[in-house]
Amino acid sequence: MVSTPLNANFATRFRKFFTTRDFIFHDGRDLKRFSIAGRTQALLAGIAAITVTFSAYGVSQAAFGAVMASGIAGEASTPEAKLAKMQAEVAQMEADVAAVKQAAQLHAARVEQRQKIIAGVLTGKGSPEEVGAPVPAAQVSENNAMAREVLAPLRKIEARQARLAEQARKTAQVRIHLTARHLRSLGIKPERYVAGGMGGPYEPVSSEAAAAAATAAEGGADAQFRSLFQTWQKLDVLEQTVIAIPSMQPVENVRLTSSFGVRSDPFHGSAAMHAGIDIPGPIGTPIYATADGVIGRAGRFGGYGNLITVNHGKGIETRYGHLSKILVAPNTRVRRGQMIGLMGSTGRSTGSHLHYEVRIDGAAVNPMPFMQNANVLDQIQQRATRVQLTAATGN
């Protein structure tokens, strides 16, 4: 073995450190002296170093085991800890699946309801009360990858529905405008049926502008469908009003012997106000209710003779006078087209005829425009469709 100067220096320093040492101690009676050689000292020091090393290793291993068992290190080591971790993961997965399932059900219900709203506005079938207010969106964390994947097809459908909703809303607005104009032509104010007032010229806007307005107001498709639903409610009220308005002939064959307004009184010959129209016919000719309503008066009443009054709601009333027979009783409900009496010549009458009146808030109005109202809703819907097609094609 070749010794280097460094090794030689280390050996010299080692021998100097572990030299023979003498120790003297008193045992209580005598002084005693003994010596410990340097080699013995080195041997004892080595044994002590090995003992300390093994003790430190044992302590470190015990500490590491305690950390692992307590989970501080991030990984469970015992079977119980691993099982608990797996159970927690399964529970979280089940919760995620349940949340996705609920969200999917809500989205599907919302898609179905939105389709009913669009169809109701465009076809006139159903009512806002039957469909109900729009279902709000389901709240699902965007970090849930499973939810994003499951709901993606439904969200695509909802996006298409949002575009259709704007077209449906525009169609409904046209119909509201036309229906309101028709009511005004009959002397009826639409504002009395739709709260909040309405009016002004009809000025259609582009789909982009309307969609931007809806987004700015409440944000996105939910706001669009809330707006569409409110428009549908207003339209439904007006159309139900039109349905309740007298809209058919009270007899099958109509010809007039007296019109509405000022005329020459048949008994005195002087000018007098005639509050209805006179429709002649044989005694016993069937008389029909011109709209749904509730029977008010059903009996003899002054110059009217045998009189039936029908209350159609909102201050609208019809009167049928000079009847030979009454077929209904007071406070009973009748349907449009139901036979309620037979023509006659009772009361202040010169011959068999029906005296027919329409009154709004007690004031008599000309019945003739109401008798031309039978198919007005179909006409309004067809006209609204034509307006929309013209706006879409520019022709």
Full working for salt bridge (Lys or Arg N to Asp or Glu O under 4.0 Å) between Glu317 and Arg319: CA-CA 7 Å; Glu317 178 189 77; Arg319 296 184 178 185; 3.0 Å; yes

Nearest atoms (heavy-atom pairs only) where Ala165 meets Ile118: N-CD1, 4.2 Å

Same apolar cluster: Val254 and Val358, side chain cutoff 4.5 Å: yes

Short side-chain to backbone donor-acceptor contact, Thr285 and Pro282, under 3.5 Å: yes

Closest non-hydrogen atom pair between Gly284 and Ser324, with its separation: N-OG, 4.1 Å

Rounded distance (nearest 0.5 Å) linking atom CD1 of Ile340 with atom CD1 of Ile308: 4.0 Å

Donor-acceptor under 3.5 Å (Thr346 side chain, Asn306 main chain): yes

Closest heavy-atom pair and its distance - Thr231, Ala172: CG2-CB, 3.6 Å

Linked, directly or transitively: Val251 and Phe260 (ILVMFWY side chains, under 4.5 Å): yes

Min side-chain heavy-atom separation Pro128-Trp232 under 4.5 Å: yes

Linked, directly or transitively: Val294 and Leu327 (ILVMFWY side chains, under 4.5 Å): no

Rounded distance (nearest 0.5 Å) linking atom CZ of Phe370 with atom OH of Tyr356: 8.0 Å

Ile283 reachable from Ile326 in the ILVMFWY side-chain graph, under 4.5 Å edges: no

Val365/Glu357 under side-chain contact (heavy atoms from CB on, under 4.5 Å): CA gap, chis, key distance, verdict: CA-CA 8 Å; Val365 297; Glu357 294 181 12; over 6 Å; no

Results of salt bridge (Lys or Arg N to Asp or Glu O under 4.0 Å) for Arg300 - residues two or more places apart only: none

Inter-residue atom distance Ile279.CD1 - Ile287.CD1, 0.5 Å rounding: 7.5 Å

Glu112 side chain to Ala109 backbone, donor-acceptor under 3.5 Å: no

Which atom of Gly281 lies closest to which atom of Ser352, heavy atoms considered: O-OG, 2.7 Å

Ring centre gap for His355 and Tyr304 strictly below 6.0 Å: yes

Residue pair Val334 / Ala289: nearest heavy atoms and the distance that separates them: CG2-CB, 4.2 Å

Side chains of Thr318 and Tyr320, donor plus acceptor under 3.5 Å: yes

Option among Ile245, Val310, Asp361 that satisfies the side-chain contact (heavy atoms from CB on, under 4.5 Å) test with Ile316: Ile245

Cluster check Ile360, Met273: I/L/V/M/F/W/Y, side chain < 4.5 angstrom: yes

Main-chain N/O of Met248 paired with Thr290 side-chain donor or acceptor, under 3.5 Å: no

Distance, nearest 0.5 Å, that separates NZ of Lys234 from CZ of Arg175: 14.5 Å

Asp292/Arg336 salt bridge by N-O under 4.0 Å criterion: no

Minimum side-chain heavy-atom gap Arg169-Ser227 below 4.5 Å: yes

Sub-4.5 Å side-chain heavy-atom contact between Arg114 and Leu164: no

Student check: side-chain heavy atoms of His322 and Ser345 closer than 4.5 Å: no

Arg255/Asp278 ion pair, N-O < 4.0 Å: no

Inter-residue atom distance His182.NE2 - Ile188.CD1, 0.5 Å rounding: 7.5 Å

Smallest separation among heavy atoms of Ala298 and Ile295, with atom names: CB-CG2, 4.0 Å

OG1-CG distance between Thr309 and Leu307, expressed to the nearest 0.5 angstrom: 6.0 Å

Under 3.5 Å: donor-acceptor pair, side chain of Thr332, backbone of Val328: no

Side-chain donor/acceptor of His353 to backbone N/O of Gly351, under 3.5 Å: yes

Under the salt bridge (Lys or Arg N to Asp or Glu O under 4.0 Å) test, residues paired with Asp236 that sit two or more places apart: none

Arg297 side chain reached by Pro330 side chain, heavy atoms, under 4.5 Å: no

